[in-house]
Each structure stands twice: as C-alpha cells, then as structure tokens.
Amino acid sequence: MIRRASTGLLSRSIVAGVHHRHFSSTEVPGADELFMMAWKRIMPNLDPPKTPLAFTRLRPSSISAADIASKLTVNLVSPYSEFSNREVDMVIVPATTGQMGILPGHMASISELKPGVLTIHDENDVIKYFISSGFAFIHSNSVADIMATEAVPIEKVDPASVQNRLVEFNQKLSSASTDLEKAEAQIGVDVLVALNSALSE
Amino acid sequence: MAMAALRREGRRFAAPIISPQPLNPFRSSISSAEDQAFLGVRSISTQIVRNRMKSVKNIQKITKAMKMVAASKLRAIQTRAENSRGLWQPFTALLGDTPSVDVKKNVIVTISSDKGLCGGINSTSVKISRALHKLNSGPEKESKYVVLGEKAKAQLVRDSKQNIELCITELQKNPLNYTQVSVLADDILKNVEYDALRIVFNKFQSVVSFVPTAATVLSPEAVEREAESGGKLGELDNYEIEGGETKSEVLQNLTEFQFSCVMFNAVLENACSEQGARMSAMDSSSRNAGDMLDRLTLTYNRTRQASITTELTEIISGASALEG
C-alpha cells in the first residue's frame, strides 16, 4: 500500500520535472524504484536486496516556516547506544565554532562537533553528556540528529583518572617526534582538556 | 535365503545415508557393509550398525553443542547490533540512499563470515554482489570488490579474481568495536578509488530471518554532483554549513564518517546473522542425526533378529536331518 502511494508520488514529481524529495521527512518511499526496475531486468530470478530506506524510522514531516513545532526532537546516537525521539526544549552542542544552542525552529544546518559537553534542557531537567567529536544535523522539521563517536554521561567520568591521563598526554606531546605522534598526542590533550573543563563546570 | 536377506539389508544401509548432507564419514562404511554382506558373514553386521550408531550419536552431540555456542554468541552480539542501528539513520535522513546512482567507479564491499557451517548466508551475499557487479559494469562504468571474510573470498576468487582490490579476514578475532571498524574503513578509503561504495551484508531481523541488504555510500564529489543536478539530494543545499571549513571539506568528513558508521552496523548485523544461521543449520543437523539414529536402531533390531532366526533355522534343520 505504501509502495503504491509512493509510486504515485514519484510519478507525479517526475512529471513535474522537479525531483525534490525530503529524506528527512516521512514521505520516503520504501525502496528506490529505478534500482528495483534495473535489478528485475538483469536478475529476474533473484530477489533484490533491501536498502536502508526500507529500514528507516518514521520522522515528522517537513513543516513550513509558519508552523514551527513547540519542541525539538533530539536523536543522540553513538556506535554503542542510542537515545532517540526525545522531545526537549533546547540542546547545546559543542560545535567547532563554539557552543551552539539549538531551539525548535532552528534553520537547517550541518555542523561538526569538537570534544565537549552536550547539554539537554527538558523543562527543568538538565542532562549533560560528554561527546568526543561527531556531527550534528538539524533538519527544517525541528529534528536534531547528533552523531557522536562516544557519548558518556558526565556522572560516569572519573576526575582523578582524567588528571592522570592529561599529564600523560602532555608528556607525550612534548616528547613526540613524528607528525603522526604529535597529532595523536594533540588529540588526546584536546579531549582531556575539554573533559577537565566539563567536570569543573 | 540368508544371503539374499543380508544383501537386502546391505542395500537398505545405503538408502538412508545418501539423503542428509553433512554426514559424509559414512560413505566409507557403506562399502564395507556391503562387502561383508556379500561375503556372507552374519553376526558381525550388527557390529557395523552399532559403530555407525555410535558415530551418529557423537555427531548429534557435537551439533547440539555448536548450536548452544552459537546461541550464546548471538545473545552477546545481538544487543550491540540493535544499539548500533540508530547510527546510520541520520545519514539516510540527510543524504538518502540512492542505489540507482550512476557513477563511474563502483566498489562493492562484501561482508561474510570466516567460519563455515552457517547455512546459505554467504552464498546469498556473493550472489547479490555478483548481481550488483553486473548491474554496474558497462562501457564507462566499472566495479571492484573489497572482500571481508574468508567465505566470500573463496567464492569470488574463482571467477572475479582480477576485480578484487582488497581482502580482509579474521575480523572477529577480537570482539567487534567501533575503533577497529573505523580503522578498517579508513584503510579501504585510502587504498581504493571510488565514486560509490555499495556494502552488501545480511541484516539480522530475527533468529530465523536474515535479509540481504545493500547500503550505498557516495563519495563527496558524487554527493556534490547529485546535489547540484537537483536530483535526489537537491535539498542538501538548504543546509547551512556551520564552522569555518569549506563545504567540500565538511562533505568529505561527513561521507567518511558515514562509511564507518554504516560499516560498523553492517559488520555487527552480519555477525548476528552468521550466528543465527549457524544455530538453525546445527539444529537441523542434529534433528537429521536423530532421525538417522532412529532408522539405524530399527535396522539394528532387524539385523539382530534376522541373525537369530538364521541360527535357529540352521540348528533345527540340522536336528531334523539327524532324526531322519
């Protein structure tokens, strides 16, 4: 049923000449029609593989400028955990340009993150996570996706070991000889300095 | 008459052995059973059936144990695979998934297992990879393979040896983690020229269902081209790039990150599918062994009764001959 509706959508947009499709909204068809047709032509006896489109979760549809949602939907994902579809008031992410606040109705943007603290404000709750770099996508339908390589709640970070590791990495930085070692030590120092400042807040 | 009965028994040994596949060690003992039957040795044929029963029982124990090992490994890795499922969703939301994209250099990354006895999942992955290769080769297009895992390597080396760029094996020696996979992804990106990467793996839906899936990751140039041509990624320009870097640098970081995220999820899902497939293969194998054991028990009893009957007949005919 969804397939029929989506082929209708597809053919209509092809006729219109413009092929605008918001991947960030629910009007995503379950499969790529061109791919299916090409596959059937070449391999009629083998079922085509599924694509990630078939497994994407539903997202709120794209909203026009006049109709801004009251809450921001946040998806915080990392390779080991996900925390999705929370409706919150505001999120502050540590972008490379500094701390960036995201409110509902924020303009669509892509930003890279540097190691730092991610704060989530929900009514009166404030939840802090430490993020070691990643990306943040903000879609025009007030959905924010934050992808981090590591996201740990601040409570789980042990201050003493942070200090020890900071000293260790500073030593490594001063004694590094090749560019690669310098870069690795520098990354370690950056992350630990950020952790340190995060803990002291 | 006794000889004819035993010859019949010999042929009945042959029939149940041929059907179940994994039980090959029986082939040699079939021939010895028939030899013995033809030579007319009577009481020893129960010994042969008994030996066969013992080996079938051992095989049943081994396959049951393998099933339980696979079940415990599956439990361990399933939670991690489910947690990593959210990782590629934002990328699909932003950049979409365009398997029908038309690019010059395609690289097909086939993910398979190192160990065997896991059902048909590796063959399906290889079939899909070959089909994708066919779909994407033409006068101006070419596609190469990057193979992860021994099983796909063995199958693809046979006919596409010149198209294989990289082979990576022993992925699961240490428990899978994101650092290892991102280093691997970095390796692939550095050594292979690509416009589009197609990752073929088996997605784990449930313990009995594994869906072959192909995820597509485009190179930054391909993304820009698609965005400019107003195709499926036309909306990408609406997104403002924060930060001092240029759009192409951000796109490059983005596509590399996307590749490592998709790879991580794909490798975990494939590992889950492998364990699930092994569980069901070992389960059907133990069930087959059980069936075979039942049939052998019946054959054993018949053989035993037949030899007792022959002995009795001999004695009685001898006795009646003496009486005259």
Side-chain angles (χ1 to χ4, degrees), chain A residues 18-25 28 31-39 41-43 46-57 59 62 75-84 95-97 100 107-112 133-140 143-147 149-150, chain B residues 80 82-101 124 127-128 130-132 134-135 177-179 181-182 200 203 211-216 230-236 238-245 247 250-251 253-254 257-258 260-262 264-265 268:
Chain A
V18 169
H19 213 325
H20 275 311
R21 209 148 26 135
H22 262 294
F23 284 108
S24 57
S25 63
V28 172
D32 192 341
E33 297 297 331
L34 288 171
F35 179 64
M36 292 287 164
M37 291 192 308
W39 183 280
R41 228 182 317 130
I42 296 203
M43 292 237 129
L46 192 60
D47 276 334
K50 293 257 160 70
T51 58
L53 277 179
F55 301 113
T56 31
R57 294 191 202 126
R59 282 161 168 257
S62 48
N75 295 329
L76 172 64
V77 287
S78 79
Y80 304 114
S81 64
E82 57 172 295
F83 166 93
S84 42
T96 41
T97 49
M100 187 167 83
M107 191 173 55
S109 89
I110 303 174
S111 49
E112 275 194 51
S133 69
F135 268 90
F137 299 154
I138 307 161
H139 303 285
S140 48
V143 176
D145 291 316
I146 304 168
M147 271 144 305
T149 41
E150 294 254 2
Chain B
R80 304 183 71 211
E82 280 170 9
N83 284 339
S84 78
R85 272 191 193 150
L87 197 57
W88 52 264
Q89 302 253 356
F91 288 108
T92 318
L94 182 74
L95 297 170
D97 185 65
T98 48
S100 58
V101 70
T124 22
K127 263 193 268 184
I128 304 264
R130 286 212 183 113
L132 279 176
K134 211 159 134 193
L135 217 93
N177 60 355
Y178 182 66
T179 330
V181 176
S182 55
V200 177
K203 193 170 168 74
V211 181
T213 316
T216 316
K232 306 193 182 161
L233 293 173
E235 298 291 323
L236 196 60
N238 291 348
Y239 287 82
E240 196 185 291
I241 312 280
E242 300 271 340
E245 299 180 345
K247 183 173 179 186
V250 170
L251 265 181
N253 287 342
L254 196 64
F257 191 39
Q258 180 186 14
S260 71
C261 288
V262 176
F264 182 61
N265 178 249
L268 276 176

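So you know, we letter chains A, B, ... as the sequences are listed, proteins then strands, and number each from 1. Hydrogens, waters and symmetry mates play no part in the numbers below; they use all other heavy atoms, side chains included.
Using a 4.5 Å cut-off between heavy atoms, A:M37 does not touch chain B at all. With a 4.5 Å cut-off on non-hydrogen atoms, A:M147 touches chain B through its backbone and its side chain both. At a 4.5 Å heavy-atom cutoff, A:I146 makes no contact with chain B through either its backbone or its side chain. With a 4.5 angstrom heavy-atom cutoff, B:L254 touches chain A via backbone and side-chain atoms both. At a 4.5 Å heavy-atom cutoff, the contact between B:N177 and chain A is made by backbone and side-chain atoms alike. Proximity to chain A involves both the backbone and the side chain of B:V250, based on heavy atoms less than 4.5 angstrom apart.
If you check the side chains of A:N75 and B:Q89, you find no donor sitting under 3.5 Å from an acceptor.
Residue B:I128 comes nearest to A:P49 through the heavy atom pair CG2-CG, 3.8 Å, listed as atom of the first residue, atom of the second, then distance. Scanning all heavy atoms of the two residues, the minimum distance from B:L135 to A:A38 falls at CD1-O, 3.8 Å. The nearest pair of heavy atoms linking B:T213 to A:K50 is CG2-O, 2.9 Å.
Rounded to the nearest 0.5 Å, atoms CG (B:L87) and OG1 (A:T149) are 10.0 Å apart.
Side-chain contact check for A:L46 versus B:K127: some heavy-atom pair is nearer than 4.5 Å. Residues A:F137 and B:L95 have side chains not in contact (no heavy-atom distance under 4.5 Å, counting atoms from C-beta outward).
Note: A:E112 leads A:E112, A:M43, A:M107 in heavy-atom pairs under 4.5 Å with chain B. Between chain A and the residues B:A131, B:C261, B:P90, B:P212, the largest count of heavy-atom pairs under 4.5 Å involves B:P90. Comparing A:P48, A:S81, A:G134, A:P52 by heavy-atom pairs within less than 4.5 Å of chain B, the highest count is held by A:P52. Per-residue counts of heavy-atom pairs under 4.5 Å with chain A were compared for B:S260, B:S182, B:A214; the largest is that of B:A214. Counting heavy-atom pairs closer than 4.5 Å to chain A, the top residue among B:E82, B:R85, B:R80 is B:R85.
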Q.
Set out, in order, the CA-CA distance, both residues' side-chain angles and the distance that settles side-chain contact (heavy atoms from CB on, under 4.5 Å) for A:F135 and B:N253, then state yes or no.
A. CA-CA 9 Å; A:F135 268 90; B:N253 287 342; 3.7 Å; yes
Q.
One pair to check against side-chain contact (heavy atoms from CB on, under 4.5 Å): A:E150 and B:Y178. What are the steps and the verdict?
A. CA-CA 10 Å; A:E150 294 254 2; B:Y178 182 66; over 6 Å; no
